[in-house]
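In this chain, numbering begins with 1 at the start of the sequence shown.
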Amino acid sequence: MIVDSHVHVWNAETEETPWRAAWREFAPRPSLSVDVLLAEMDAAGVDRAAVIPPEWDLGGNELVLAAATSHPDRLIAMPALSLRSPDAPGQLESWRSRPGFGGLRQIFLKSPKYSPLMDGSADWLWRAADDLGLRMMVWMPGQFQELGTVVAEYPNIRFAVDHLNLATRPSPTELDSVIEALAALAHHTNLAVKVSALPTLVSDDYPYPAIHESVRTLVRAFGPDRVFWGSDFARLPSGYPNAVRMMRQIGLSDSDYDQVMGGSFIHWANWL
């Protein structure tokens with residue numbers, strides 16, 4: 001079974017489904033429906049996927065939750081909370097009872113105006129998620145020390161870090177240092193790593209040989225049970241099927257490949 005740990009779906013920008021203007025430039029297409037996603041998955045040979053709302057779609061949480069409810073055998077939802085919203089704690093409590101809810105996916109960017117890892121605005125979430133034993137996908141590019149601190153302080157949260165914790169447009173020289181920083185965190189048994197959006201992180205062409213040794217290094221460091229393949233397929237330069245095919249060319253053993261391509265995520269998400 002092949003399970004994609006990272007796909008987005010989103011509504012078209014309308015009065016009923018508005019977008020965040022600051023994130024509009026990152027949308028690779030005007031919309032991506034659940035039906036289109038399922039068709040793309042079928043064409044690529046992907047059996048299941050975790051659906052994540054992109055930052056630009058203000059209606060994205062409801063879209064992914066409804067998708068997982070309608071397709072429980074194919075999709076699991078990882079919605080995102082607005083940490084400073086007074087409604088966020090109640091929203092989390094409501095989502096937990098929704099069929100297909102798998103946990104949260106939260107982005108933590110660092111800026112002079114808002115740095116939730118440093119200013120305390122995420123503290124309530126860490127405490128709540130730790131009490132609940134929640135699963136959380138996190139993306140906090142460049143903030144490896146902060147990631148290690150949070151993972152150590154909240155051992156009951158099952159973390160998975162997205163996209164090797166690399167920025168959207170990394171420089172070619174970043175990859176080795178990022179892999180080293182991630183491997184140094186592998187002793188935290190509640191931390192997994194998503195080898196997701198890999199073709200977007202390097203400049204070479206399919207089958208993206210620049211990333212192969214990095215994946216093998218992470219599998220050795222974390223073990224195949226804490227490494228999850230993911231596509232982020234809407235941004236891929238050479239298509240969804242090639243994102244699946246490239247993983248066969250990395251040189252993993254058959255058992256490690258089976259784990260990374262689906263078995264480990266199914267276990268992590270308790271999606272049996």
Would a distance-only check, ignoring hydrogens and angles, find a side-chain to backbone donor-acceptor pair under 3.5 Å from N190 to V151? yes

Apply side chain to side chain contact (heavy atoms under 4.5 Å, CB included) to Q106 and list each qualifying residue two or more places apart in sequence or on a separate chain. A80, L81, L83, L104, F108, L125, M136

If the condition is ring pair (Phe, Tyr, Trp, His ring centres under 6.0 Å), which residues does Y240 pass it with, not counting sequence neighbours? F233

Identify, with sequence neighbours excluded, every residue that meets side chain to side chain contact (heavy atoms under 4.5 Å, CB included) alongside D204. V202, Y208, P209, A210

Hey, could you give me each pair passing salt bridge (charged side-chain N to carboxylate O under 4.0 Å, His left out) that has a residue in residues 135-145? Not counting sequence neighbours. none

For D131 and N156, what are the C-alpha separation, side-chain angles and deciding distance, and is it a side-chain contact (heavy atoms from CB on, under 4.5 Å)? CA-CA 7 Å; D131 288 343; N156 293 326; over 6 Å; no

Looking at CG of L58 and CD of E13, how far apart are the two atoms once the value is rounded to the nearest 0.5 Å? 9.0 Å

Transitively linked via ILVMFWY side-chain contacts under 4.5 Å: F144 with L175? yes

With no hydrogens and no angle check, just 3.5 Å: does a side-chain donor-acceptor pair link T17 and T14? yes

Nearest heavy atoms of N11 and S31, plus distance in Å: C-CB, 4.0 Å

What's the spacing between L147 CG and L117 CG if we round to 0.5 Å? 8.5 Å

Same apolar cluster: M137 and V178, side chain cutoff 4.5 Å: no

Any link between L134 and F228 through a network of hydrophobic side chains (Ile, Leu, Val, Met, Phe, Trp, Tyr) touching at under 4.5 Å? no

Using the side chain to side chain donor-acceptor pair (under 3.5 Å) rule, collect all pairs that involve residues 63-91, keeping only residues at least two apart or in two chains. D42-R74

Is a side-chain donor or acceptor of T217 paired with a backbone partner of E213 at a separation under 3.5 angstrom? yes

Is there a side-chain contact (heavy atoms from CB on, under 4.5 Å) between H6 and R105 once you walk through the steps? CA-CA 10 Å; H6 198 107; R105 193 271 177 145; 3.5 Å; yes

Do S33 and D35 have side-chain atoms, one donor and one acceptor, less than 3.5 Å apart? no

To the nearest 0.5 angstrom, please state how far the CZ atom of F222 sits from the OG1 atom of T189. 11.0 Å

Got N242 and P207 here, is their nearest side-chain heavy-atom distance under 4.5 Å? no

Taken to the nearest 0.5 Å, the spacing of L164 CG from L198 CG works out to 6.0 Å

Quick one: are V3 and V46 in side-chain contact, heavy atoms under 4.5 Å? no

Could you list the residues that satisfy ring pair (Phe, Tyr, Trp, His ring centres under 6.0 Å) with W23, not counting sequence neighbours? F26

Taking W139 for the side chain and L166 for the main chain, is one N or O donor matched with an acceptor at less than 3.5 Å? yes

Under 3.5 Å donor-acceptor, W10 side chain and W19 backbone: no

Linked, directly or transitively: V51 and I2 (ILVMFWY side chains, under 4.5 Å): yes

Expected list for residues 255-270: side-chain donor-acceptor pairs under 3.5 angstrom, two or more places apart:
| residue | atom | partner | partner atom | Å |
| --- | --- | --- | --- | --- |
| S255 | OG | S253 | OG | 3.3 |
| S264 | OG | V227 | O | 2.9 |
| S264 | OG | Q259 | O | 2.7 |

Hphob cluster co-occupancy, F101 + I52, side-chain heavy atoms under 4.5 angstrom: no

Going by side chain to side chain contact (heavy atoms under 4.5 Å, CB included), name the residues that satisfy it together with P155, two or more places apart in sequence or in a different chain. D130

So which heavy atom on V244 is nearest to which on A44, and how close? CG2-O, 3.8 Å

Tell me, do V150 and V138 make a side-chain contact under 4.5 Å, heavy atoms counted? no

Does any pair with a residue in residues 224-236 pass side chain to side chain donor-acceptor pair (under 3.5 Å), and if so which ones, sequence neighbours excluded? D4-S231, D232-R235

Scanning both residues in full, the closest heavy-atom pair of S5 with A50 reads O-CB, 3.6 Å

Of all residues at least two apart in sequence or in a different chain, which pass the side chain to side chain contact (heavy atoms under 4.5 Å, CB included) check with I250? H212, V215, R216, M246, M247, L252

Hey, could you give me each pair passing side chain to side chain donor-acceptor pair (under 3.5 Å) that has a residue in residues 47-56? Not counting sequence neighbours. none

So the salt bridge (charged side-chain N to carboxylate O under 4.0 Å, His left out) pairs with at least one residue in residues 179-194 (sequence neighbours excluded) are D162-K194

Atom CG in L132, atom CZ in R127: separation rounded to 0.5 Å? 13.0 Å

Verify, without hydrogens or angle tests, whether T200 (side chain) and L236 (backbone) share a donor-acceptor contact under 3.5 angstrom. no

Note: R98-E62 ion pair, threshold 4.0 Å (strictly below): yes

Atom of P79, atom of G103 and distance for their closest heavy-atom approach: CD-O, 3.2 Å

Heavy-atom side-chain proximity of E146 to M118 below 4.5 angstrom: yes

